[in-house]
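Just so we're on the same page: letters track the sequence lines, and every chain starts at 1.
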There are 2 protein chains.
Amino acid sequence: MATIRDVARRAGVAISTVSLALNGKGPISPATVERIQAVAAQMGYMPSVMAQSLKRGHNRLIGLVLGDIGNPFFGRLLRNVDSVVAEADHMLIVADTASHPEREINTLNQLRRHRVGGIIMAPLSNDPAFAAYLREIDVPVVLIDQYVDGVRLDYVCSDNELTTTMLTEYLIRLGHRRICYLGGQPNWWTARLRLAGFRAAMQASGVNIDPDLEVVADFDGEKAYDQVARLLSRPKRPTAIVAASNLMALGALQAINDLGFSCPGDVSLTGVDDVPWGSVIKPRITTVVQPVEELAQVAAAWILERIGSRGGAAAPPRTHVAIPRLVIGESCSRV
Amino acid sequence: MATIRDVARRAGVAISTVSLALNGKGPISPATVERIQAVAAQMGYMPSVMAQSLKRGHNRLIGLVLGDIGNPFFGRLLRNVDSVVAEADHMLIVADTASHPEREINTLNQLRRHRVGGIIMAPLSNDPAFAAYLREIDVPVVLIDQYVDGVRLDYVCSDNELTTTMLTEYLIRLGHRRICYLGGQPNWWTARLRLAGFRAAMQASGVNIDPDLEVVADFDGEKAYDQVARLLSRPKRPTAIVAASNLMALGALQAINDLGFSCPGDVSLTGVDDVPWGSVIKPRITTVVQPVEELAQVAAAWILERIGSRGGAAAPPRTHVAIPRLVIGESCSRV
DNA sequence: TTTGCTTAGTGAAACGGTTCGATTGGAGCC
DNA sequence: GGCTCCAATCGAACCGTTTCACTAAGCAAA
């Protein structure tokens with residue numbers, strides 16, 4: 001690939017003249033500018049972002065660290081983040097930690113070696129060592145979806161507590177009392193909040209929580225299937241299920257069907273978040289959807305802000321809580 | 001962030017000594033190496049990949065250009081590509097063209113400015129101008145999923161013709177004759193091949209193709225819904241449907257249900273590719289799935305090879321055709 | 001003619017590393 | 001003591017760009 005030297009030689013001017021001309025900076029005569037542009041175009045010259053960055057002290061790269069890009073939620077997140085940062089002429093280095101929390105520090109270090117201007121991350125880890133690492137990090141970081149206890153960083157999420165509260169209240173209004181809750185691993189930030197949302201709604205309505213019906217299924221479809229199958233084969237089975245994720249809701253639905261029960265006839269079912277093509281799953285599951293576009297846009301805008309104002313990196317951290325939306329399907333019935 | 005200069009000063013040695021010591025190259029005394037390592041660790045020094053790359057002439061970045069990362073197929077592709085290149089200490093710059101073919105050249109140019117070592121791309125465009133651009137490109141490119149006429153580049157795909165051939169033959173074996181084909185836009189490479197696969201299977205079995213039943217639904221769920229709804233309300237309706245994508249299959253299923261028909265009772269349905277939650281969609285759709293992991297791994301391995309052997313970039317282009325797998329569900333019945 | 005002001009363009013330093021030829025200082029040998 | 005040799009370390013060039021102080025030329029005013 002041609003370098004600025006080649007262009008300068010070919011155009012018969014100094015290197016600095018080429019730089020000035022192509023960036024439209026110095027007082028270069030129109031004739032010269034035109035000649036240089038012509039030569040550059042003809043040679044297919046493109047400035048090396050690496051070299052530019054080295055000089056300027058910052059490149060136009062942003063790191064995006066996710067636990068599982070295969071998950072459609074993160075896929076949509078990625079897409080929307082990309083569209084915003086591309087607008088600002090930035091590009092995304094995407095790293096998937098493949099659901100291994102222990103790889104996160106390593107991944108972040110790699111991004112730092114690349115001197116990315118900022119990092120957007122949906123963390124998995126939530127231990128003090130990781131928090132300590134984040135507290136010392138010297139590049140702007142915006143957390144998304146999941147938080148890390150003990151750090152002070154920008155954080156963008158939807159109101160996780162509200163998600164399950166809305167669903168639980170809805171079921172209670174329909175007359176349900178024996179409600180099963182399918183939750184995630186309690187070391188996940190969002191899992192704890194969604195559980196709290198469920199409990200708050202139950203208590204607010206004065207409904208007793210049967211501890212046996214509050215199960216952990218690790219945000220995993222198969223585990224949800226097993227748990228629901230187990231609970232449905234017991235005498236006092238639940239009349240409704242609140243699943244803290246779409247995957248678990250689908251696992252639950254499959255269990256309900258496979259055991260010969262009907263949804264919503266025998267068991268009402270609700271979940272969190274859209275599933276792509278959810279519209280063709282029968283019955284359509286009543287669900288609370290997170291505004292992914294909003295999350296992505298705010299996170300992207302914030303990281304660009306932090307990058308833009310070098311000093312402003314010290315500005316106090318902000319939190320944006322997006323309000324999820326209840327989408328009523330056909331998976332719940334009055335009891 | 002500390003630079004190599006800072007480390008050198010603090011350790012009381014020359015810059016070159018630090019570089020040599022940390023890279024384990026020169027004959028540096030063990031005592032000095034240890035001291036330098038200690039100082040570097042204490043200062044949190046990390047070499048700048050940009051600076052290294054500038055000197056070495058190549059960075060450890062690979063571009064991945066996709067039309068829609070929101071699509072789970074590409075999400076899984078991304079995840080698997082990332083896992084392979086990460087193994088080789090490379091990172092991925094991901095760019096989403098948001099289904100705008102006209103942005104592709106721009107995106108590729110941006111990646112070239114970043115001096116990525118190679119590019120993996122699922123192209124949308126397939127016009128001569130784009131082919132001409134690709135023919136001149138000075139960085140290794142591996143195409144995946146879709147090809148571009150008139151270029152000579154590595155290409156990784158699954159046997160697109162075979163996908164629809166397998167489905168069609170399966171339906172014919174079940175006794176179907178009036179088979180509807182839902183295809184994609186003919187300017188898409190994969191759409192043309194899948195259509196050809198359908199026709200080949202029909203002709204091989206001596207079944208007449210009713211041109212009215214061969215419709216274009218643009219790989220789009222809504223369009224498929226409309227088309228199927230239209231065809232099903234006519235007197236001589238099809239007894240089976242081959243959809244050239246999962247999205248169209250789901251649209252078709254919805255239309256079948258909404259019009260009061262049953263699947264597979266009245267209409268048999270088949271599709272191409274997994275849907276992430278396919279296992280809970282009733283009925284489970286018979287489908288041919290592409291081995292995404294295999295595609296991703298081959299593409300990643302090939303681009304790493306091209307990057308590795310600088311001269312080898314001129315090696316003749318290869319093509320890898322993966323064999324898709326027929327997964328029989330409950331959406332088809334004998335007629 | 002000298003002075004001063006513009007305009008157009010140049011040269012060199014700097015960014016943060018790597019690499020290689022040059023330079024030490026000391027040990028071993030005669 | 002002078003020689004060679006080797007291990008350990010250093011210095012400088014270089015990668016591709018930007019930026020800024022500087023110069024050379026042209027011209028108007030004094």
Side-chain angles (χ1 to χ4, degrees), chain A residues 1-37 39-40 43-61 89 109-117 138-139 310, chain B residues 1-37 39-40 43-61 89 110 112-117 138-139 310:
Chain A
M1 167 133 290
T3 75
I4 198 172
R5 275 183 169 66
D6 304 326
V7 177
R9 189 159 25 227
R10 189 90 141 238
V13 294
I15 292 175
S16 50
T17 309
V18 176
S19 175
L20 262 13
L22 292 183
N23 291 312
K25 292 213 171 161
I28 311 289
S29 75
T32 309
V33 170
E34 206 165 319
R35 182 161 43 94
I36 290 176
Q37 282 174 342
V39 171
M43 300 180 76
Y45 167 71
M46 307 188 157
S48 155
V49 177
M50 284 191 316
Q52 290 181 319
S53 308
L54 189 58
K55 186 85 236 293
R56 298 209 245 251
H58 62 97
N59 55 25
R60 307 182 81 74
L61 249 20
D89 198 26
N109 279 340
Q110 253 186 291
L111 290 172
R112 291 171 66 204
R113 276 202 288 278
H114 275 282
R115 300 291 189 268
V116 296
D138 54 0
V139 46
R310 303 236 135 275
Chain B
M1 167 131 291
T3 75
I4 199 172
R5 278 181 168 66
D6 305 325
V7 177
R9 190 160 22 230
R10 189 92 139 238
V13 294
I15 292 175
S16 50
T17 308
V18 175
S19 175
L20 262 13
L22 292 182
N23 292 312
K25 293 214 171 162
I28 312 289
S29 76
T32 309
V33 170
E34 207 166 318
R35 183 159 45 94
I36 291 177
Q37 282 174 340
V39 170
M43 300 180 75
Y45 167 72
M46 308 188 155
S48 155
V49 178
M50 286 189 317
Q52 291 180 320
S53 309
L54 191 57
K55 186 84 233 287
R56 298 210 243 252
H58 60 100
N59 55 24
R60 307 184 81 74
L61 249 21
D89 199 27
Q110 254 186 290
R112 291 212 286 152
R113 276 203 289 277
H114 276 281
R115 301 291 190 267
V116 296
D138 54 0
V139 46
R310 303 236 136 276

Nearest whole angstrom, please: distance from the [atom2] of [N] to the [atom1] of [X].
X         : N       : atom1 : atom2 : answer
Arg112(A) : dG16(C) : CZ    : P     : 16 Å
Asp6(B)   : dC15(C) : CG    : P     : 11 Å
Asn23(B)  : dC20(C) : CG    : P     : 13 Å
Asn59(A)  : dC15(C) : CG    : P     : 17 Å
Leu54(A)  : dT18(C) : CG    : P     : 12 Å
Met50(B)  : dG17(C) : CE    : P     : 9 Å

By salt bridge (charged side-chain N to carboxylate O under 4.0 Å, His left out), which residues pair with [X], not counting sequence neighbours?
X         : answer
Arg113(A) : none
Arg60(A)  : Asp89(A)
Arg112(B) : Asp138(B)
Arg9(A)   : Asp6(A)

- Message: Once rounded to the nearest 0.5 Å, what's the spacing between atom CD of Gln52(A) and atom CG of Asn59(A)?
- Response: 11.0 Å
- Query: How many angstroms lie between atom OG of Ser53(B) and atom CE of Met50(A), to the nearest 0.5 angstrom?
  - Reply: 5.0 Å
- Message: Under 4.0 Å, heavy atoms only, any strand: does Met1(A) hit a base, just the sugar-phosphate, or nothing?
- Response: nothing
- Message: At 4.0 Å (heavy atoms only), tell me whether Arg115(A) reaches a base, stays on the sugar-phosphate, or touches nothing.
- Response: sugar-phosphate
Residues forming a side chain to side chain contact (heavy atoms under 4.5 Å, CB included) with [X], sequence neighbours excluded:
X        : result
Lys55(A) : none
Ala11(A) : Val13(A), Arg35(A), Ile36(A), Val39(A)
Glu34(B) : none
Ile4(A)  : Ile15(A), Val18(A), Ser19(A), Tyr45(A)

- Message: It should be established whether Tyr45(B) places a side-chain nitrogen or oxygen under 4.0 Å from OP1 or OP2 of nucleotide dG16(C).
- Response: no
- Secondary-structure string, 5' to 3', Watson-Crick or G-U under 3.5 Å, | for another-strand partners, for DNA chain C: ||||||||||||||||||||||||||||||
- For Ser16(A), side chain to side chain donor-acceptor pair (under 3.5 Å) partners two or more places apart: none
- Query: Where does the chain B footprint on DNA chain D start and end, counting 5' to 3' with a 4.0 Å heavy-atom cut-off?
  - Reply: dA8(D) to dT17(D)
- Do nucleotides 5-13 of chain C as a string where each nucleotide becomes B, S or -: B if the base has a protein heavy atom under 4.0 Å, S if just the sugar-phosphate does, - if no protein is that close. ---BSBBB-
